[in-house]
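One structure below.
Fair warning: this is a prediction, and the values are worked out from it, not measured in the lab. Here is how names work: the chains are called A, B, and so on, in the same order as the sequence lines, proteins then strands, and each is numbered from 1. Side chains included, hydrogens not; waters and symmetry mates left out as well; all remaining heavy atoms used.
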Amino acid sequence: MYRYDDYDRALVIERVAQYRDQLQRNLAGELSDDEFRPLRLQNGLYIQRHAPMLRIAIPYGMLASRQLRKLADIARRYDREYGHFTTRQNLQLNWPKLEDTADILAELATVEMHAIQTSGNCIRNITTDPFAGVAPDEIVDPRPYCEVLRQWSTFHPEFAFLPRKFKIAVSGTVEDRAVTYAHDVGLQLYRDDQGEVLVRVIVGGGMGRTPILGSVIHDALPWRHLPTYLDAVLRVYNRYGRRDNAYKARIKILVKAIGAEEFARQVNEEWQLERDGIATVTDEELALAAAAFQDPDAPARPARDAGFDEKLASDRAFARWVSRCVRAHKRPGYRSVTLSLKPHGLPPGDITSAQMEAVADLADRYSFGELRVTHEQNLVLADVPLADLYALWQEARKHNLATPNIGLLTDMICCPGGDFCSLANAKSIPIAQAIQAEFDDLDYLYDIGDLELNISGCMNSCGHHHVGHIGILGVDKAGSEWYQVSIGGAQGNTTSLGDVIGPSFAADEVPGVVKKLIETYVEARTPEERFLDTVRRLGVAPFKARVYGESSKKAEVTHG
Amino acid sequence: MADLIRGEALAQDVWTWVKLPDSGEPVRKSAGKVVLFKLTGEPAAADDVIDRCEVPATGKVLIPLSVWLRRHEALAARMAAGEIGVWLDSHEEPAELADSLGGDLNRLPLIGVNFPKFIDGRGFSVGFILRNRYGYRNEMRALGDVLRDQMFFFRRTGFDAYLLRADQKPERCIAALKDFSTPYQTSTDGNVPVFRRRIGQKVPA
Ligand code: SF4
C-alpha cells in the first residue's frame with residue numbers, strides 16, 4: 001500500500017494549517033459563508049440537514065488497518081460512533097461539529113489521511129476496482145496509475161474551480177468493475193501485443209439528471225501520457241463547460257453539445273502543448289509508484305485445503321457465505337472476502353466504531369493489515385488464506401459483518417438520502433430497510449439470485465440508481481416524497497441505463513412494487529437467466545403490466 | 001483602494017484599469033468561432049457599448065480585449081509608447097488577442113485576466129495558455145475577485161501580479177503565495193513533479 005514520504009506528509013500538514021486558518025476566519029466573520037463554502041467543500045465539509053458532514057478520502061478505496069482504527073477513534077470522539085461508506089469509496093461522518101473539523105483533519109494527517117477534494121467543483125477522489133492486484137481477470141494493476149493520478153490531481157492549480165465536480169474511475173480488468181462508462185473520465189488500462197500498457201480514455205459519462213454513457217476519445221493512449229492528456233481534457237472542459245446552470249455544467253453536457261469527435265479534436269490540439277513535456281511519466285517513476293503495491297509477502301499455499309472442504313460440505317451457513325462473499329484470487333490458496341455492510345434492517349454502508357476496530361483486527365490477522373472499500377459500500381479483505389476462511393467467517397459473524405448477501409437483492413447501494421442529505425427529495429435509508437424486511441427470507445433471496453438494487457434520494461444519483469438492475473429514485477411531488485422505479489440498468493462490461501417503468505410511488509408502496517417485479521421475473525425466467533437478463537429479453541412491458549395492472553386506479557392518481 | 005502585489009511585494013500601480021460601460025441588455029454572439037460562447041452562455045458586449053468605453057487620453061491604460069480589437073489602429077502610437085495593456089475576461093479567447101498582435105503577445109507590457117467570481121476558474125487556464133501556448137513573458141495580472149485563498153494557484157499557473165479585491169489584506173495574500181512548499185504536479189511554474197524529485201533522490205546524478 002502507498003506510504004507517505006516527506007513530500008506527501010508536508011502537503012497534508014500544510015493543508016490542515018490552511019484549512020484551520022480558513023475555518024477561523026469564517027468563525028470570526030472575516031470570511032463570508034459564501035466564500036468559505038467552496039473552500040470547506042474542497043476539504044470534504046458539507047453543511048447538512050442536521051450538522052456538518054465530513055467526507056474523508058480513501059484514495060482508490062485502499063485502507064490500512066491502522067487507518068481504520070483511527071477512523072473508529074475519530075468517529076467515537078468526534079461523532080456518534082459510526083461512519084458511512086459511500087459509493088465513491090469514501091467514509092462520511094454525519095455528526096461532527098464545525099469547530100472540530102480542523103482537529104479531525106489534523107488527526108487524519110497522523111495516519112496519512114485527509115479529506116482533500118472529496119467534494120466541490122474539482123477533481124474528486126479517483127476510484128477503481130476493489131479487487132485490484134488480486135483479481136484473476138486483471139490485465140493491469142490499476143493502483144500505481146491511480147497513485148500517479150492522485151498526485152497529479154491533488155491541488156492542481158488550474159483545475160480547483162471547475163464548472164462542476166469531476167470524477168475519474170480507472171479499471172484494468174476484463175470485467176470492468178469501476179463503472180468507467182459512467183464517469184466524467186473513465187480510464188481502461190489494457191496491453192497491446194507487445195505488452196505495453198495503453199489506456200482507453202472515455203469521457204462524458206455520468207449519472208445525475210442527464211444519465212449518459214461516456215464516449216471513447218482516445219483508444220490507445222500510452223500510459224506515460226496520462227497526466228498531460230488529462231490536463232488537456234480538463235483544460236478544454238474548464239474553459240468551455242457551462243457555468244451558468246449547475247445542472248448543465250458536467251463535462252457530459254459539453255461533450256454532447258459539441259460532439260465527442262470535436263471534443264477529442266480540441267483535446268488533441270490542446271495536448272500538443274504539453275505532450276512529451278515534464279509531466280510525462282517515466283518508467284522509473286511508475287516503478288516507484290508500483291513498488292507501493294507489491295503483493296504482500298505471502299507464503300505459497302496449496303490450492304486446496306482439506307479443512308475448508310470439510311466445512312464447506314458440513315456447514316450450510318458457511319457454504320452460503322462462501323458462495324456469496326468469497327471470490328477467487330490470482331494466487332492459489334488465497335481468496336478475497338467481502339464483508340457485508342448490508343445486514344438486514346440497518347442503513348446500507350454504515351459501520352460502527354466497534355465494527356471498524358473488529359475489521360482492522362481481522363485485516364491484521366487474516367489479510368496483511370490491509371482492506372479495501374467497494375463502491376457497493378462493502379469492505380474487502382483481499383488476501384485471505386483459504387485455510388483461514390472458516391475462522392474469519394465465525395469472527396465476522398459475531399460482528400454482524402457476514403450477512404451472506406453480496407450481489408443479492410439486499411446488498412443494495414443506497415445514498416444517505418433525506419435523513420442526512422440536504423439535497424435530497426426523499427429518504428432512501430427507510431426504503432432500503434423496508435425492502436430488506438420484505439425480502440428477509442434467505443432462501444428466497446438465493447433463489448432470486450444476482451440482483452443489484454440501487455437507491456438515490458435525488459437526481460444527483462449518489463446511489464447510482466441509473467445502473468441498478470432495479471433503480472429507485474426519490475422525487476419530490478408537491479412537497480411530498482415519491483419514488484420512481486426503473487429496471488434494466490447495469491454496470492460492468494454491458495453497462496446500460498435503466499428504463500423508468502411508469503408513474504412514481506409512495507414510500508409504503510415501494511417494497512410491494514419490488515416484490516411484483518421479482519415475481520414477474522421468477523415466473524418468466526429461463527433457468528440460466530438473472531433478473532437483468534430477463535428484463536433485457538422481455539423489455540419493460542410485462543413488468544409494468546404486473547406492477548400497474550393490478551392497481552391501475554392508483555397509477556392514475558399518482559400520475560399527477 | 002485595491003492593493004497591487006507584484007512578485008511577492010506590494011507595488012505601486014501605474015496602470016488605469018478601464019472597464020466597459022454598463023451595457024444594459026447583454027447581446028449574445030452566435031456566429032463563427034464565437035459559437036463557443038453559446039456553449040458557456042456568456043454575453044458579449046455590443047459594438048455600441050464598446051464604442052462608448054472611455055479610454056483616458058494619457059497614461060498607461062489596461063483596456064478590455066473588445067476595445068483593443070475595435071480600436072487597435074487608433075491606439076497604435078500609444079501601443080508603441082508602451083501605454084497599452086489588454087485584459088481578458090474569463091470567457092474570452094487568448095487566440096483573438098494573439099491574432100490581433102501578429103502572434104506576438106510580448107508586444108504588450110501587461111495582460112490582465114479577470115476573475116469575475118473567484119469560483120470561476122477559467123482564468124487559471126487562460127493564464128496557462130497565455131504563458132505556454134503564446135510564450136507571453138511580461139506582466140500577467142489577476143484582476144477581479146482576487147482573494148487570498150487562490151493566491152497559490154494564481155502564481156503557479158503563471159500570474160506574477162495580483163490586483164487584490166479591496167477587502168483583502170496584502171500581507172496575508174503575500175504569505176498565501178507559499179501555502180504549500182512542494183506541490184505534486186507541474187504547471188506554468190515549471191515545478192518538477194514530485195515523482196521526478198523522488199527519483200532524483202534515489203538515483204544521485
Ligand atoms: S443522491 Fe441526492 S439525496 Fe442522495 S446523497 Fe446524493 S445528493 Fe444526497
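Proximity to chain B is limited to the side chain of A:Leu39, based on heavy atoms less than 4.5 angstrom apart. Using a 4.5 Å cut-off between heavy atoms, A:Ala289 touches chain B through backbone and side chain atoms alike. Heavy atoms closer than 4.5 Å to chain B are found nowhere in A:Thr228, neither backbone nor side chain. Heavy atoms closer than 4.5 Å to chain B are found in the side chain of A:Asp21, but not in its backbone. Both the backbone and the side chain of A:Glu285 come within contact range of chain B, judged by heavy atoms closer than 4.5 Å. Interface remark: A:Ile278 contributes backbone and side-chain atoms alike to the contact with chain B (heavy atom separation under 4.5 Å). For a residue to count as touching a neighbouring chain, one of its non-hydrogen atoms must lie under 4.5 Å from one of that chain's; by this rule B:Arg155 does not touch chain A. Residue A:Arg37: no heavy atom, backbone or side chain, is found under 4.5 Å from chain B. Looking at A:Leu31, only its side chain comes within 4.5 Å of chain B, counting heavy atoms on both sides. Using a 4.5 Å cut-off between heavy atoms, B:Phe128 touches chain A through its side chain atoms alone.
Side-chain N/O atoms of B:Arg122 and A:Tyr240 include no donor and acceptor closer than 3.5 Å.
A salt bridge is absent between B:Arg197 and A:Asp6: the closest approach of a Lys/Arg side-chain nitrogen to an acidic carboxylate oxygen does not fall below 4.0 angstrom. In summary, B:Arg156 and A:Glu158 do not engage in a salt bridge, as defined by a charged side-chain N under 4.0 Å from a carboxylate O. A salt bridge is defined here as a Lys NZ or Arg NE, NH1 or NH2 lying under 4.0 Å from an Asp or Glu carboxylate O, and B:Arg133 with A:Glu270 meets this definition. Salt bridge status for B:Lys117 with A:Asp34: absent, with no side-chain N to carboxylate O gap under 4.0 Å. Of the charged side-chain nitrogens involved, at least one lies within less than 4.0 Å of a carboxylate oxygen, so that A:Glu35 and B:Arg165 count as a salt-bridged pair.
Taking the side chain as every heavy atom from C-beta outward, B:Ser125 and A:Phe159 approach each other to under 4.5 Å. Looking only at side-chain heavy atoms (C-beta outward), A:Arg243 and B:Ser90 stay at 4.5 Å or farther from each other. By the 4.5 Å heavy-atom criterion applied to side chains, A:Val281 and B:Phe195 are not counted as neighbours. Looking at A:Arg25 and B:Arg148, their side chains come closer than 4.5 Å, going by heavy atoms from C-beta outward. Looking at heavy atoms from C-beta onward, A:Phe161 lies out of side-chain contact with B:Asp120 at the 4.5 angstrom threshold.
Annotation: the span from B:Glu93 atom CD to A:Arg239 atom CZ amounts to 4.5 Å, rounded to 0.5 Å. Atom CZ of A:Arg235 is separated from atom CG of B:Asn132 by 7.0 Å, given to the nearest 0.5 angstrom. Rounding to the nearest 0.5 Å gives a distance of 13.5 Å between CH2 of A:Trp152 and OG1 of B:Thr186.
The most heavy-atom pairs under 4.5 Å with chain B, out of A:Leu11, A:Asn121, A:Leu234, A:Thr282, come from A:Leu11. Each of A:Arg150, A:Glu30, A:His156 has some count of heavy-atom pairs under 4.5 Å with chain B, and the biggest count is that of A:His156. Heavy-atom pairs under 4.5 Å with chain B were tallied for A:Glu274, A:Gln272, A:Gln151; the largest tally goes to A:Gln151.
Heavy-atom neighbours of A:Lys248 NZ from other residues, nucleotides or ligands within 6.0 Å: at or below the threshold of 12. B:Arg137 CZ: 12 or fewer foreign heavy atoms inside a 6.0 Å radius. Counting heavy atoms of neighbouring residues, nucleotides and ligands inside a 6.0 Å radius, atom OH of A:Tyr247 does not exceed 12 of them. The number of heavy atoms from other shown groups lying within 6.0 Å of CD1 (B:Ile119) does not exceed 12. The environment of A:Glu261 atom CD is sparse: at most 12 non-hydrogen atoms of other residues, nucleotides or ligands sit within 6.0 angstrom.
In terms of heavy-atom proximity, A:Pro38 sits nearest to B:Phe118 at CG-CZ, 3.5 Å. Taking both residues in full, the closest heavy atoms of A:Ala279 and B:Pro193 are given as CA-CG, 4.4 Å, listed atom of the first, atom of the second, then distance.
Below 4.5 Å, heavy atoms of chain A meet heavy atoms from B:Lys169, B:Arg172, B:Asp179, B:Phe180, B:Ser181, B:Thr182, B:Pro183, all part of residues 168-183 of chain B.
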